[in-house]
Amino acid sequence: MSRLVFFLNGPNLNLLGKRQPHIYGHETLADVEAVCRKLAAELGLELRFHQSNREYEIIDWIHEAREIAGGLAINPGAFTHTSVAILDALNACDFPVLEVHISNVHKRESFRHHSYVSLRADGVIAGFGTQGYGLALRRLAHLIDEQAAKGEHG
Ligand code: DQA
């Protein structure tokens with residue numbers, strides 16, 4: 001099984017650190033990516049880390065991951081609550097999919113309580129701040145290891 005994982009970030013996450021820091025914290029997305037890269041190396045994972053404000057670009061990365069990756073984590077931003085197209089793309093993938101939110105979406109406005117992505121996600125992390133990114137990578141590594149062990153033992 002591939003040890004390549006994709007971490008995708010949706011709209012407005014390029015403004016992390018500047019945008020509503022009382023909700024999303026002071027770290028930038030580049031800071032988060034650096035922490036993820038260090039951790040991925042420790043876990044023996046190869047990481048592709050992307051952000052886009054465009055729905056089609058996120059869908060194209062999911063299609064790319066589908067061909068080559070062993071797992072995917074996604075913070076879809078506001079597309080979480082609106083995008084059937086991202087759900088459909090994730091439904092076309094066989095590998096583990098984890099959904100990550102920096103804030104606890106369930107403590108916020110009711111329109112954030114529904115997630116299309118959760119209909120596919122194997123696990124959801126919300127409200128752990130940017131620490132959730134590292135937790136998602138650890139879980140992906142564990143799920144990939146588990147799959148590999150299953151493959152070895154029949
Ligand atoms: C978010 C939560 C979403 O509701 C919001 O639209 C975001 C960020 C989070 O990480 O907490 O852009 O996904």
Side-chain angles (χ1 to χ4, degrees), residues 3-43 45-66 68-144:
R3 295 192 72 80
L4 172 66
V5 299
F6 278 54
F7 214 126
L8 304 181
N9 293 276
N12 300 306
L13 288 162
N14 54 314
L15 296 180
L16 203 61
K18 299 174 201 147
R19 161 203 188 205
Q20 297 181 285
H22 57 290
I23 297 176
Y24 298 114
H26 291 277
E27 265 181 301
T28 66
L29 194 62
D31 296 332
V32 176
E33 179 176 354
V35 170
C36 286
R37 291 215 170 276
K38 191 165 174 279
L39 180 62
E42 283 168 26
L43 295 168
L45 297 174
E46 191 190 330
L47 176 65
R48 303 255 172 103
F49 194 97
H50 297 299
Q51 187 276 331
S52 181
N53 297 323
R54 299 170 188 87
E55 193 174 15
Y56 78 87
E57 215 159 13
I58 293 168
I59 293 165
D60 285 349
W61 284 323
I62 296 169
H63 292 178
E64 190 188 342
R66 182 179 179 275
I68 55 177
L72 179 149
I74 181 165
N75 181 349
F79 290 151
T80 307
H81 319 297
T82 61
S83 182
V84 176
I86 288 177
L87 170 63
D88 283 350
L90 292 170
N91 274 335
C93 299
D94 290 332
F95 48 52
V97 172
L98 301 182
E99 176 180 349
V100 178
H101 300 286
I102 296 166
S103 65
N104 181 1
V105 283
H106 300 290
K107 207 178 164 185
R108 300 181 63 192
E109 303 97 322
S110 60
F111 64 81
R112 295 184 204 276
H113 297 175
H114 177 262
S115 164
Y116 285 102
V117 171
S118 289
L119 293 169
R120 168 61 183 87
D122 298 297
V124 182
I125 295 172
F128 285 69
T130 53
Q131 252 194 307
Y133 280 64
L135 297 174
L137 280 183
R138 285 184 194 281
R139 179 68 182 162
L140 279 181
H142 177 82
L143 292 172
I144 290 171

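Ligands are counted one by one from 1 in listed order, and the atoms in each one are counted from 1 as well.
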Heavy atom to atom 6 (O) of ligand 1, shortest distance: which of His81, Arg108, Glu99, Arg112 holds it? Arg112
So which heavy atom in the protein is nearest [atom], and how far is it from that ligand atom?
atom                    : answer
atom 11 (O) of ligand 1 : Ser103 OG, 2.6 Å
atom 12 (O) of ligand 1 : Arg19 NH2, 3.0 Å
atom 2 (C) of ligand 1  : Val105 CG1, 3.7 Å
atom 9 (C) of ligand 1  : Ile102 N, 3.3 Å

Numbering as shown, the atoms of ligand 1 that approach Tyr24 to under 4.0 Å (heavy-atom distance):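 That gives atoms 5 (C), 7 (C), 8 (C), 9 (C), 11 (O) of ligand 1.
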Is the closest side-chain heavy-atom distance between Ile74 and Leu98 below 4.5 Å?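 Ile74 does not reach Leu98 side chain to side chain.
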Determine whether Arg48 and Glu64 satisfy the following criterion, salt bridge (Lys or Arg N to Asp or Glu O under 4.0 Å), listing intermediate values before the conclusion. CA-CA 11 Å; Arg48 303 255 172 103; Glu64 190 188 342; 3.3 Å; yes
Give me the ring orientation class for His106 and His113: parallel if the planes are under 30° apart, tilted from 30 to 60°, perpendicular past 60°.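 Judged by the thresholds at 30° and 60°, the geometry between His106 and His113 is tilted.
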What class does the angle between the rings of Phe49 and Tyr133 fall in, given that below 30° is parallel, 30 to 60° is tilted and above 60° is perpendicular?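 Ring orientation, 0 to 90° scale: tilted.
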Do any nitrogen or oxygen atoms of Leu13 lie less than 3.5 angstrom from nitrogen or oxygen atoms of ligand 1?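 No, Leu13 has no N/O under 3.5 Å of an N/O on ligand 1.
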Centroid separation Tyr24 to His22 less than 6.0 Å: no
I'd like to check the salt bridge (Lys or Arg N to Asp or Glu O under 4.0 Å) partners of Arg139; sequence neighbours left out, ordered by chain and number.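 If we apply the salt bridge (Lys or Arg N to Asp or Glu O under 4.0 Å) test to Arg139, skipping adjacent residues, there are no hits.
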Can you tell me which portion of His101 lies within the under-4.0 Å heavy-atom range of ligand 1? Options are side chain, backbone, both, or neither.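 Both of them.
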